[in-house]
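Down below is the structure, laid out as structure tokens.
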Amino acid sequence: MPELPEAETIVRGLRDTVVGEKIVRVEVLRPDVLRESKRRFAPKVRGRTISSVERRAKNVLLRLDDGATIAVNLGMTGRMLPFKHPPRGASRPGHPAVRFRFASGSVLVFDDTRRFGTVECLDSTEWAVRSARFGPEPLDPSYRAEDLLHALGTSRSPIRSWLLDQKRIAGVGNIYAAEALFLSGIHPLRPANRIGEDEAIALHASVRSVLSEAIEAGGTTIRDYRNAQGGKGEYARQLFVYGRNGEPCLRCGSEIERVVLSNRSAFFCPDCQPGSD
DNA sequence: AGTGTATCCTGCAGGC
DNA sequence: TGCCTGCAGGATACAC
């Protein structure tokens, strides 16, 4: 669900409200979102002040004043919802999993309907190890087309699967993989190592433009995604292929196709993205 | 090395 | 109305 643009939008929305807040109490309503026991998690977090909010891949990071990091993976339906006052009535989150209560009286709720998300508190060493498992950030100015080209050459995996692999490139999920491949005219089944230099340059550009335009639009809301203010993202209106199975291609009019690849839908235009081999 | 499959969960849309 | 199936922005473990 939330991919890089959604995580980035949440991070930007949280900064104003949550930086400088001191955590005085943690309520774990759904212990299964933690990767350790409540007993171990809570003391690491209680009494700490949030010094900054960042993003790595699809993760929201709350950096603490002792150097630790609360890493939130949003899974498919995770939300980060800050409230000035504890919410009541209809504005109350439907599936709160973890509540952080601050000294100011405000609250940050990690809400997750399906509970595929995770919340962890890692010290600086643990975080460094974790972060090293992710591939390069595609929007980092130092990430070049030649880096992508070289990395592609080491894998025979279908390019759609390659793009979803977080250790190869960070933050790309099913929506933006589909859109980037459409924009660069590459079939989702094409083996990564058979993508040529020109195509790699096009893919590099389309991955970056799709992600940055989606950030500008505040992310993509299909159903569940909400930003830190509870609002929807508007990028769904700009999707060319994702979820448009059976509808006409906006560029050539051919029917958008859906194939299942690694158990996940891949959407593409058979004419704009010809030949898998 | 890479793929298919199953798993963790809940909710919604569509068919009957 | 209800019941059933299939599907969903993710990530991981397993057998082949």
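Labels below follow one simple rule: chain letters A, B, ... track the order of the sequence lines, proteins then strands, and each chain is numbered from 1. Because the structure is a prediction, the values reported are computed rather than measured.
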Taking only N and O in the side chain of [X], is any of them less than 4.0 Å away from OP1 or OP2 of [N]?
{"X": "A/T77", "N": "B/dT10", "result": "no"}
{"X": "A/R30", "N": "B/dC8", "result": "no"}
{"X": "A/K58", "N": "C/dA11", "result": "yes"}

[N] [atom2] sits how many Å from [X] [atom1], rounded?
{"X": "A/L164", "N": "B/dT3", "atom1": "CG", "atom2": "P", "answer": "11 Å"}
{"X": "A/R114", "N": "B/dC9", "atom1": "CZ", "atom2": "P", "answer": "11 Å"}
{"X": "A/I175", "N": "C/dA8", "atom1": "CD1", "atom2": "C1'", "answer": "10 Å"}
{"X": "A/D32", "N": "B/dT7", "atom1": "CG", "atom2": "P", "answer": "17 Å"}
{"X": "A/W162", "N": "B/dA1", "atom1": "CH2", "atom2": "P", "answer": "16 Å"}
{"X": "A/L34", "N": "B/dC9", "atom1": "CG", "atom2": "C1'", "answer": "16 Å"}
{"X": "A/Y176", "N": "C/dA8", "atom1": "OH", "atom2": "P", "answer": "16 Å"}
{"X": "A/F116", "N": "C/dA8", "atom1": "CZ", "atom2": "P", "answer": "13 Å"}

Nucleotide pairing, DNA chain C (Watson-Crick or G-U, distances under 3.5 Å), in dot-bracket with [ ] and |: .|||||||.|||||||
Closest nucleotide among [options] to the [X] side chain:
{"X": "A/S265", "options": "B/dG2, C/dC7, B/dG11", "value": "C/dC7"}
{"X": "A/N73", "options": "B/dG11, C/dA11, B/dC9", "value": "C/dA11"}
{"X": "A/R133", "options": "C/dT12, C/dA11, C/dC7", "value": "C/dT12"}
{"X": "A/R223", "options": "B/dT10, C/dC7, B/dG11", "value": "B/dG11"}
{"X": "A/P158", "options": "C/dT12, C/dA11, B/dG2", "value": "B/dG2"}
{"X": "A/S157", "options": "B/dT3, B/dC9, B/dT10", "value": "B/dT3"}

Residue of the set A/L139, A/V172, A/N59 for which side-chain contact (heavy atoms from CB on, under 4.5 Å) holds with A/L4: A/L139
Picking from A/V11, A/V45, A/L108, A/I23, what satisfies side-chain contact (heavy atoms from CB on, under 4.5 Å) with A/L62? A/L108
With rounding to the nearest 0.5 Å, note down the distance linking CD in A/E179 to CG in A/L211. 11.0 Å
Once you apply a heavy-atom cut-off of 4.0 Å, does [X] come out as touching a base, just sugar-phosphate, or nothing?
{"X": "A/R130", "value": "nothing"}
{"X": "A/N263", "value": "base"}
{"X": "A/Y242", "value": "sugar-phosphate"}
{"X": "A/T118", "value": "nothing"}

Which whole number of Å gives the distance between the P atom of C/dC3 and that of B/dC9?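 My reading of the P atoms in C/dC3 and B/dC9 gives 23 Å.
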B/dT5 and C/dG6: how far apart are their P atoms, nearest whole angstrom? 14 Å
Go through the side-chain N and O atoms of A/R35 and A/T118 and say whether any donor and acceptor fall under 3.5 Å apart. no
Please tell me whether A/E6 and A/Y176 have a donor and an acceptor in their side chains that are separated by less than 3.5 angstrom. yes
Exam field: side chain A/R56 to backbone A/F134, donor-acceptor pair closer than 3.5 Å: yes
For a 4.5 angstrom cut-off between non-hydrogen side-chain atoms, does A/L261 reach A/S161? yes
Determine whether A/L163 and A/L181 make a side-chain contact, defined as any pair of heavy atoms from C-beta on separated by less than 4.5 Å.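 With C-beta onward as the side chain, the pair touches.
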Let me know, please, whether A/T154 or A/H95 comes out on the 5' side of the other along DNA chain B by nearest nucleotide.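 The residue whose closest nucleotide sits nearer the 5' end is A/T154.
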Looking at A/F240, I'd like to know if the NZ or CZ of A/R251 sits under 6.0 Å from its six-membered ring centre while staying within 45 degrees of the ring's axis. yes
